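Reviewing the structure listed below.
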Amino acid sequence: MRPEPQGKQVSASQAPQAKELLATLVGFDTTSAKSNLQLIAFVEDYLKSHGIASTRVPSPDGEKADLFASIGPQGKGGIGLSGHSDCVPVEGQRWTSDPFTLTERGGKLYARGSCDMKGFIACVLASAPLFKSRKLKEPIHIIISYDEEVGCTGVRPLIARLGKDLPRPRAVIVGEPTSMRVIDAHKRIDAYRTRVIGREAHSSMPELGVNAIAAAAALICELERLGADIAAKQNDPRFEPPFSTISVGTIRGGTAPNIVPKHCEFQWQVRGLPSAAPAEVPRDLAAFATNALLPRMKQTSKEAAIDTEVQGSVPAFVASPDSSAVTLALGLTGAETTHAVSYTTEAGLFEQAGCPSVVCGPGDIAQAHAGDEYVSIAQLDACMTFLAGLAGKLSD
Ligand SMILES: [Zn+2]
């Protein structure tokens with residue numbers, strides 16, 4: 001049965017409020033490498049001005065913090081609205097206007113983070129007075145994290161406290177940009193660094209050295225081959241592309257053109273289907289190194305080595321078939337179907353921690369991380385309607 005869309009009662013005055021809050025939020029340069037404490041302090045003050053207390057969960061070095069705030073009755077359960085405060089860098093990108101000044105052009109609001117994902121946070125904050133004014137039967141929790149863009153690391157200490165000194169939501173809506181579509185599955189990330197050690201030599205006598213860059217190039221070609229192999233074997237049509245993918249992101253090696261390089265290292269990622277076995281690719285690469293490269297390298301230098309280390313993982317997300325979070329989001333959007341995506345969010349971590357989750361938020365992922373990132377005012381309006389519907393549903 002098609003669920004009835006809810007929350008048509010959004011007042012025309014709320015979307016401008018979200019726009020104003022978004023203008024303030026994007027003014028804080030919260031690139032992941034920088035502190036987010038100014039943004040967190042602003043959100044704390046804003047919530048406090050509406051009589052809402054919040055708890056900071058500081059990062060180990062004290063430079064950043066998560067924020068957790070509850071509105072409504074104390075106690076267990078409630079609905080979590082989760083967003084990350086950090087953004088990707090603007091360096092090297094084309095921007096028509098200042099990335100840290102919200103600029104409106106043709107119904108679109110341009111700024112770094114406008115889409116991913118300060119637009120959602122702005123809508124949540126703009127809805128806080130409405131949440132506060134309703135007699136909620138269960139709480140709404142606002143959850144703001146840091147360091148999502150560098151491996152979803154910042155939210156983990158907060159999640160570890162859910163069900164302990166912080167209440168554990170009975171469902172979590174992660175407001176990443178999905179164009180307000182309901183996402184019930186995403187891929188995982190496994191990040192690696194491979195280091196090659198060879199031997200230096202004069203470039204006129206390369207046979208006396210072991211060229212670490214050449215070995216790294218062979219390893220990267222092998223990763224390309226493994227990727228093609230996976231693409232031919234896997235096919236999950238819910239995902240685009242419908243298989244796990246491998247991508248090399250950085251490479252560094254050598255000191256001068258006339259020296260056979262001793263060192264080379266590269267970083268790479270596997271974006272895996274939820275059903276894929278994450279250990280397979282590094283295992284296959286290690287087998288190639290052991291069988292095809294190292295015997296020859298070690299003939300010249302006993303110190304020759306190839307090592308791969310895990311730099312981090314973010315779990316895949318698969319909502320359970322009877323997920324209350326997915327049912328809730330379908331009801332609030334009026335959508336009949338769910339979708340799966342290839343990008344990764346904090347939803348897998350919440351789901352793992354026992355909070356049924358769903359990904360649904362304003363903005364198109366195609367604009368996330370890009371130059372001239374924007375969120376449309378229509379998307380903010382749709383999110384405000386969604387949140388008003390949530391308030392209605394929890395206070396019926
Ligand atoms: Zn994001």
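Note that this is a predicted model, so its numbers are computed, not measured. Atoms within each ligand, like the ligands themselves, are counted from 1 in listed order. Residue numbers count from 1 along this sequence.
The distance from atom OG of S203 to atom CD1 of I259, rounded to the nearest 0.5 Å, is 8.0 Å.
With waters left out, the protein N, O or S atoms under 2.8 Å from the Zn ion (ligand 1) add up to 4.
By the 4.5 Å heavy-atom criterion applied to side chains, T194 and W268 are counted as neighbours.
In this structure, R252 is not positioned above the aromatic face of F266 in the sense of NZ or CZ being under 6.0 Å from the six-membered ring centre and within 45° of the axis.
Ring pair F68/H141: centre-to-centre distance below 6.0 Å.
D147 is linked by a salt bridge (charged side-chain N to carboxylate O under 4.0 Å, His left out) to K64, counting only residues two or more places apart in sequence or in another chain.
Under a 3.5 Å cut-off, the side chain of Y192 and the backbone N or O of Q269 do not form any donor-acceptor pair.
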